K.L.:
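First, the structure itself, so that you have it in front of you.
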Amino acid sequence: MAVLSLLLLGGLWSAVGASNMAVVTCGSVVKLLNTRHNVRLHSHDVRYGSGSGQQSVTGVTSVDDSNSYWRIRGKTATVCERGTPIKCGQPIRLTHINTGRNLHSHHFTSPLSGNQEVSAFGEEGEGDYLDDWTVLCNGPYWVRDGEVRFKHSSTDVLLSVTGEQYGRPISGQKEVHGMAQPSQNNYWKAMEGIFMKPSELLRAEAHHAEL
């Protein structure tokens with residue numbers, strides 16, 4: 001939570017009563033809710049006991065867990081300027097705030113459902129091209145109150161939850177994995193967090209559209 005306090009001091013745009021320009025932007029730090037299973041995308045320094053052995057990614061029901069915060073960044077080897085609106089169809093990275101690893105997928109089998117494993121990978125926010133996810137949504141931009149899908153840019157699976165639940169040491173947490181088929185299990189929504197103020201470019205576009 002100390003990280004979020006520092007971000008607030010840095011002049012970020014809070015999600016509460018912010019603006020009618022309710023888009024999700026680069027640099028924002030958010031929790032992502034799977035709307036079908038009502039769990040938030042989560043990670044922690046617990047590694048898979050099979051597959052890649054990388055840091056596990058799960059879904060949790062807790063609203064208050066600080067391990068569910070992710071920073072939205074540009075795709076691998078690019079910089080997305082703070083406050084730049086995320087376009088539908090744009091590839092991004094999601095960097096886990098507390099461990100500095102990126103949401104990642106690859107051709108390993110997930111431990112419970114047998115789908116494609118999703119892990120957290122890299123060090124201090126730097127991993128590889130398998131950290132890139134394309135935002136699928138309706139309209140020009142990812143909006144805060146809209147549901148989106150995340151498609152893995154290299155393997156085409158969709159970030160999903162189907163309800164399988166872990167035992168110890170992460171009892172009660174749900175498996176997060178990649179699935180080839182679109183379904184209600186793939187929808188996510190930006191929830192709690194700190195949203196960067198949209199850039200002046202978007203404001204100019206909106207003003208022009210009104211004329």
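From a predicted model like this one, the values you see are computed outputs, not experimental measurements. These numbers come from the heavy atoms of this one structure, side chains and all, not from hydrogens, waters or symmetry mates.
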K.L.:
Applying side chain to side chain contact (heavy atoms under 4.5 Å, CB included) between Tyr187 and each of Arg36, His37, Arg149, report the one that passes.
P.N.:
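Checked Arg36, His37, Arg149 against Tyr187; only one passes side chain to side chain contact (heavy atoms under 4.5 Å, CB included): Arg149.
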K.L.:
Mark yes or no for whether His152, through its side chain, and Leu130, through its backbone, hold a donor-acceptor pair below 3.5 Å.
P.N.:
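At least one qualifying donor-acceptor pair exists.
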K.L.:
Are Ile92 and Leu136 connected into the same hydrophobic cluster when the rule is that any two of I, L, V, M, F, W, Y join if their side-chain heavy atoms are below 4.5 Å apart?
P.N.:
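The answer is no; the residues belong to distinct hydrophobic clusters.
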K.L.:
Going by the side chain to side chain contact (heavy atoms under 4.5 Å, CB included) test, name the single residue among Val46, Leu94, Leu103 that passes it with Val57.
P.N.:
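Considering Val46, Leu94, Leu103, a side chain to side chain contact (heavy atoms under 4.5 Å, CB included) with Val57 is found only for Leu103.
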K.L.:
Is there a donor-acceptor contact under 3.5 Å from the side chain of Ser153 to the main chain of Asp132?
P.N.:
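Indeed, once roles are kept as given, a pair shorter than 3.5 Å links the two residues.
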K.L.:
Below 4.5 Å, heavy atoms only, C-beta onward: do Phe150 and Val135 meet side chain to side chain?
P.N.:
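Phe150 reaches Val135 side chain to side chain.
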K.L.:
Regarding Lys174 and the six-membered ring of Tyr166, is the cationic atom NZ or CZ under 6.0 Å from the ring centre and inside 45° of its axis?
P.N.:
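Pair Lys174/Tyr166 does not count as cation-pi.
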K.L.:
Would you call Leu41 and Trp70 a side-chain contact if the rule is heavy atoms closer than 4.5 Å?
P.N.:
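Leu41 reaches Trp70 side chain to side chain.
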K.L.:
Is a side-chain N or O of Tyr69 found less than 3.5 angstrom from the main chain of Glu192, in a donor-acceptor match?
P.N.:
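Flag not set: sc Tyr69 to bb Glu192 has no pair under 3.5 Å.
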K.L.:
Rounded to the nearest 0.5 Å, what separation is found between the OG atom of Ser52 and the CZ atom of Arg47?
P.N.:
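It is 8.5 Å, given to the nearest 0.5 Å.
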K.L.:
Can you give me the closest heavy-atom contact between His106 and Ser119, atom names plus distance?
P.N.:
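Of all heavy-atom pairs spanning His106 and Ser119, the closest is CE1-OG, 3.6 Å.
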K.L.:
Is there a side-chain contact between Thr76 and Asp128 in this structure, where contact means two heavy atoms from C-beta onward sitting under 4.5 Å apart?
P.N.:
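They are not in side-chain contact.
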K.L.:
Hydrophobic clustering (ILVMFWY, side-chain heavy atoms < 4.5 Å, transitive) - are Ile86 and Val148 grouped together?
P.N.:
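Per the 4.5 Å side-chain linkage, Val148 and Ile86 are co-clustered.
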K.L.:
Quickly, which of Asn186, Asn34, Asn185 forms a side chain to side chain donor-acceptor pair (under 3.5 Å) with Ser160? Name it, please.
P.N.:
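Going through Asn186, Asn34, Asn185 one by one, the side chain to side chain donor-acceptor pair (under 3.5 Å) with Ser160 is satisfied by Asn186 alone.
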K.L.:
Heavy atoms only: give me the nearest Thr109-Gly114 pair and the separation to one decimal.
P.N.:
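The answer is CG2-CA, 3.5 Å.
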K.L.:
Would Val157 end up clustered with Leu159 when hydrophobic side chains under 4.5 Å apart are linked, directly or stepwise?
P.N.:
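Hydrophobic grouping puts Val157 apart from Leu159.
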K.L.:
Measure up the Phe121 and His104 rings against each other and bin them: parallel (under 30°), tilted (30 to 60°), perpendicular (over 60°).
P.N.:
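Tilted: the ring planes of Phe121 and His104 meet at 30° to 60°.
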K.L.:
Is a side-chain N or O of Ser28 found less than 3.5 angstrom from the main chain of Ile72, in a donor-acceptor match?
P.N.:
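Checked: no pair found.
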K.L.:
With clusters defined by side-chain heavy atoms of hydrophobic residues (ILVMFWY) lying less than 4.5 Å apart, directly or transitively, does Trp188 cluster with Val24?
P.N.:
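As far as the 4.5 Å side-chain criterion goes, Trp188 and Val24 are connected within one cluster.
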K.L.:
Is there a path from Leu32 to Val60 through hydrophobic residues (I, L, V, M, F, W, Y) whose side chains come within less than 4.5 Å of each other?
P.N.:
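Cluster IDs for Leu32 and Val60 differ.
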K.L.:
Which atoms form the tightest heavy-atom contact between Phe108 and Gly51, and what is the distance?
P.N.:
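Closest approach of Phe108 to Gly51, heavy atoms only: CD2-C, 3.5 Å.
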K.L.:
Atom OG1 of Thr134 and atom CG of Asp156: how far apart are they, to the nearest 0.5 Å?
P.N.:
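Answer for the OG1-CG pair, Thr134 versus Asp156, is 8.5 Å.
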K.L.:
Can a donor-acceptor pair be found, under 3.5 Å and without considering hydrogens, that links the side chain of Thr25 to the backbone of Met196?
P.N.:
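The answer is yes, because a donor-acceptor pair under 3.5 Å joins these two groups.
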K.L.:
Output yes when Arg101 and Glu123 qualify as a salt bridge under the 4.0 Å nitrogen-oxygen rule, no when they do not.
P.N.:
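Yes, charged N to carboxylate O under 4.0 Å.
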K.L.:
If you compare all heavy atoms of Glu117 against all heavy atoms of Ser50, which two are closest, and at what distance to 0.1 Å?
P.N.:
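Heavy atoms of Glu117 and Ser50 come nearest at OE1-O, 4.0 Å.
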K.L.:
Going by heavy atoms in the side chains, are Ser56 and His44 under 4.5 Å from each other?
P.N.:
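Yes, side chains in contact.
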K.L.:
Do His177 side-chain atoms and Asn115 backbone N/O form a donor-acceptor pair below 3.5 Å?
P.N.:
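Looks like no, no N/O pair under 3.5 Å.
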K.L.:
Distance from Leu33 atom CG to Glu147 atom CD, nearest 0.5 Å?
P.N.:
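Here the rounded value is 9.0 Å.
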K.L.:
Check whether any side-chain N or O of Glu175 sits under 3.5 Å from a backbone N or O of Leu112 as a donor-acceptor pair, and report yes or no.
P.N.:
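Yes: the side chain of Glu175 pairs with the backbone of Leu112.
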K.L.:
Under 4.5 Å between any side-chain heavy atoms of Thr162 and Met179, yes or no?
P.N.:
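In contact.
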K.L.:
Working to the nearest 0.5 Å, report the span between NE2 of His42 and CG of Asn67.
P.N.:
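His42 atom NE2 to Asn67 atom CG measures 4.5 Å (nearest 0.5 Å).
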K.L.:
If I compare all heavy atoms of Asp145 with all of Lys189, which pair ends up nearest, and what's the gap?
P.N.:
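Closest heavy-atom pair between Asp145 and Lys189: O-CE, 3.6 Å.
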K.L.:
Out of curiosity, Cys26 SG to Arg71 CZ, how far, rounded to the nearest 0.5 Å?
P.N.:
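With rounding to 0.5 Å, SG (Cys26) is 11.0 Å from CZ (Arg71).
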K.L.:
Between CD1 of Ile194 and NZ of Lys31, what distance do you get to the nearest 0.5 Å?
P.N.:
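Between atom CD1 of Ile194 and atom NZ of Lys31 there are 11.0 Å.
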K.L.:
Considering all heavy atoms of both residues, which atom of Gly125 and which atom of Thr95 are nearest to each other, and what is their separation?
P.N.:
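What the structure gives for the nearest pair is CA-CG2, 4.0 Å.
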K.L.:
For the residue pair Ser105 / Gln116, report whether a side-chain donor-acceptor contact shorter than 3.5 Å exists.
P.N.:
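Present: a donor and an acceptor within the cut-off.
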K.L.:
Answer yes or no: is there a side-chain heavy-atom contact under 4.5 Å between Cys80 and Arg93?
P.N.:
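SC-SC contact between Cys80 and Arg93 ruled out.
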K.L.:
Could you walk me through whether Asp45 and Thr99 pass side-chain hydrogen bond (donor to acceptor under 3.5 Å, both in side chains), step by step?
P.N.:
CA-CA 7 Å; Asp45 201 9; Thr99 64; over 6 Å; no
